[in-house]
Asks: 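Before I ask anything, here is the structure I am working with.
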Amino acid sequence: MPYPPDYGGVFDLFYKLKALHQLGLKIHLHCFEYGRGEQPELNQYCEEVIYYQREKLMYGIPLRLPYIVSSRINPQLIKNILKDNYPILLEGIHCTYYWYHGELNNRKVMVRLHNVEYKYYRQLAKSTTSFYKKIYFILESKLLKKYEKIIARKGNLIAVNEKDKLIYQTVFSAKNISYLPVFLPFSEVSSKTGKGDFCLYHGNLSVTENEKAARWLIENVFSQSEFSFIVAGKDPSAQLKRYFSKNKNIQLISNPSQQEMDELIQSAHIHLLPSFNTTGIKIKLLNALFNGRFIVTNAAGLEGTGLEMFCSVAETSSDYIKEIDRLFQLSFSKEEINKRSEILKQQFNSAKNARHLIDYFYAG
């Protein structure tokens, strides 16, 4: 379900829909709905939107296929797709079963990779503290590695960063894979000059990796500094909330509105964005680059992005504390905004990248 666009994969999908629509394409959207409900907003950009139910885990235990794939096997879906002969863009490994199984062998198909999924699930297993989730993530990772190897050799894949493209080429021997930047709502760098008076970590806090990053910052960075820190995001757990009662300089903002989040991102002096995963693209990083001031992240958060020139890199807690101390002595300048604008507006130009996507279909 590509709306509302409130996490990484959905960002790319929704703003891709808008960009393709603006170029005059007629889009027939098939999507799985599991809790968000039907979204009238999508009707503005699509000729039709057809919704399907995703199977729950108890009915799709991953014994042979990854659950993220097996839970999206739907007879009505393939029946509807086979009614026409339009080109097909499959969003994520998640939706590739009928390509994998052969029903789409005679169709023009491309797969947009959101991650190297087996690596992503392996990292989720390391991040979670739940025994049952750990077992599930480990099993899912093993199944995904076998499945992605097969998908990689069917051809016509599009990665969201160069690192994922390289992994598919080296680990899975993918031959027909291209890189296309993620689609974003931002077209101009709107960062503010000057100074803010707090550091910010933001993200979907219900995601295991993001909660782990927030906990790490609280325990190892925020508690060792007298500066003000804000953690903002969706659905923090009760366990995470307990971390905020111990330190007066740390504030949690749960489920901020989009307007509140935008204001926080623009007002922060420093964005602290440690990552424990090297695959995919970090939307929170791009959001901060287009709309925020200084950024401190680690090598894992930057790998494959080509955006190192705009960020300070820190690995240890002492590295982060030193960079925070240093950056609070500086004002964010117009020159820094201009430098970002020159590169980001070229790389993340949605209209240009939508035309490239159409070209890939014709070339394939």
Asks: Hey, could you give me each pair passing salt bridge (Lys or Arg N to Asp or Glu O under 4.0 Å) that has a residue in residues 42-53? Not counting sequence neighbours.
Replies: none

Asks: Apply side chain to side chain contact (heavy atoms under 4.5 Å, CB included) to Pro256 and list each qualifying residue two or more places apart in sequence or on a separate chain.
Replies: Ala232, Ile253, Glu260, Met261

Asks: Using the side-chain hydrogen bond (donor to acceptor under 3.5 Å, both in side chains) criterion, which residues pair with Asn105? Sequence neighbours excluded.
Replies: Lys154

Asks: Taking atom CD of Gln239 as the centre, report whether more than 12 heavy atoms of other residues, nucleotides or ligands fall under 6.0 Å from it.
Replies: yes

Asks: Quick check: Phe348 with Phe186 (ring centres under 6.0 Å apart)?
Replies: no

Asks: Applying ring pair (Phe, Tyr, Trp, His ring centres under 6.0 Å), which residue pairs with at least one partner in residues 194-221 are found, sequence neighbours left out?
Replies: Trp216-Tyr320

Asks: Can you tell me how far the CD1 atom of Ile250 sits from the CG atom of Leu217, to the nearest 0.5 Å?
Replies: 9.5 Å

Asks: If you define the side chain from C-beta out and look only at heavy atoms, does anything of Val182 sit under 4.5 Å from Ile283?
Replies: yes

Asks: Taking all atoms of both residues into account, what is the closest heavy-atom pair of Ala351 and Leu23, and its distance?
Replies: O-CD1, 4.1 Å

Asks: Looking at Phe14 versus Tyr45, is the centre-to-centre ring distance below 6.0 Å?
Replies: yes

Asks: What verdict does the side chain to side chain donor-acceptor pair (under 3.5 Å) test give for Asn210 and Lys284, after you've listed the backbone C-alpha separation in whole Å, the side-chain angles of each residue and the deciding distance to 0.1 Å?
Replies: CA-CA 11 Å; Asn210 292 342; Lys284 62 174 75 68; 3.2 Å; yes

Asks: Atom OG of Ser141 and atom CD of Glu148: how far apart are they, to the nearest 0.5 Å?
Replies: 8.5 Å

Asks: Hey, can you tell me if Tyr121 and Tyr136 have their rings parallel, tilted or perpendicular (30° and 60° cut-offs)?
Replies: perpendicular

Asks: Any chance the rings of Phe222 and Phe229 have centres within less than 6.0 Å?
Replies: yes

Asks: Give every residue pair that meets the salt bridge (Lys or Arg N to Asp or Glu O under 4.0 Å) criterion with at least one member in residues 120-137, sequence neighbours excluded.
Replies: none

Asks: Can you sort out the partners of Gln44 under side-chain hydrogen bond (donor to acceptor under 3.5 Å, both in side chains), two or more places apart, ordered by chain and number?
Replies: Glu41

Asks: Between Arg215 and Glu211 (salt bridge meaning N to carboxylate O under 4.0 Å), is one present in this structure?
Replies: yes

Asks: Which pair of non-hydrogen atoms, one from Asn161 and one from Asp164, has the smallest distance, and what is that distance?
Replies: OD1-N, 2.7 Å

Asks: Could you report the tightest heavy-atom contact between Ala268 and Leu200, atom names first, then the distance?
Replies: CB-CB, 3.7 Å

Asks: Going by the rule side chain to side chain contact (heavy atoms under 4.5 Å, CB included), which residues pair with Ser191 if we only count those two or more places apart in sequence or in a different chain?
Replies: Val189, Phe332, Ile337, Arg340

Asks: Which pairs count as salt bridge (Lys or Arg N to Asp or Glu O under 4.0 Å) when at least one residue sits in residues 185-195, sequence neighbours excluded?
Replies: Glu188-Lys345

Asks: Between Leu302 and Cys311, what is the shortest heavy-atom contact and its length?
Replies: CD2-SG, 3.9 Å

Asks: In plain terms, say whether Lys16 and Glu91 are close enough for a salt bridge, that is, a side-chain N and a carboxylate O under 4.0 Å apart.
Replies: yes

Asks: Does Ile135 sit in a hydrophobic cluster with other residues, and if so which ones, taking ILVMFWY side chains as linked at heavy-atom separations under 4.5 Å, directly or through other members?
Replies: Phe131, Tyr132

Asks: I'd like to know if Lys212 and Glu209 make a salt bridge, using a cut-off of under 4.0 Å between side-chain N and carboxylate O.
Replies: no

Asks: Could you pull out all residues at least two apart from Tyr52 that satisfy side-chain hydrogen bond (donor to acceptor under 3.5 Å, both in side chains)?
Replies: His30, Asn80

Asks: Using side-chain heavy atoms (C-beta onward) and a distance below 4.5 Å, is Ile81 in contact with Tyr86?
Replies: no

Asks: List the residues meeting side-chain hydrogen bond (donor to acceptor under 3.5 Å, both in side chains) with Asp84, not counting sequence neighbours, and say none if there are none.
Replies: Arg107

Asks: Do Ser190 and Asn291 pass the side chain to side chain donor-acceptor pair (under 3.5 Å) test, and can you show the C-alpha distance, the side-chain angles, and the key distance before you say yes or no?
Replies: CA-CA 5 Å; Ser190 61; Asn291 302 301; 2.6 Å; yes

Asks: Under 3.5 Å, side-chain donor or acceptor atoms of residues 172-179 against the rest of the protein: list the pairs with distances, not counting sequence neighbours.
Replies:
unit_1	atom_1	unit_2	atom_2	d
Tyr179	OH	Gln347	NE2	3.0

Asks: Taking all atoms of both residues into account, what is the closest heavy-atom pair of Asn220 and Ser223, and its distance?
Replies: N-OG, 4.3 Å

Asks: Search all heavy atoms of Gly196 against all heavy atoms of Phe328 and return the closest pair with its distance.
Replies: O-CE2, 3.7 Å

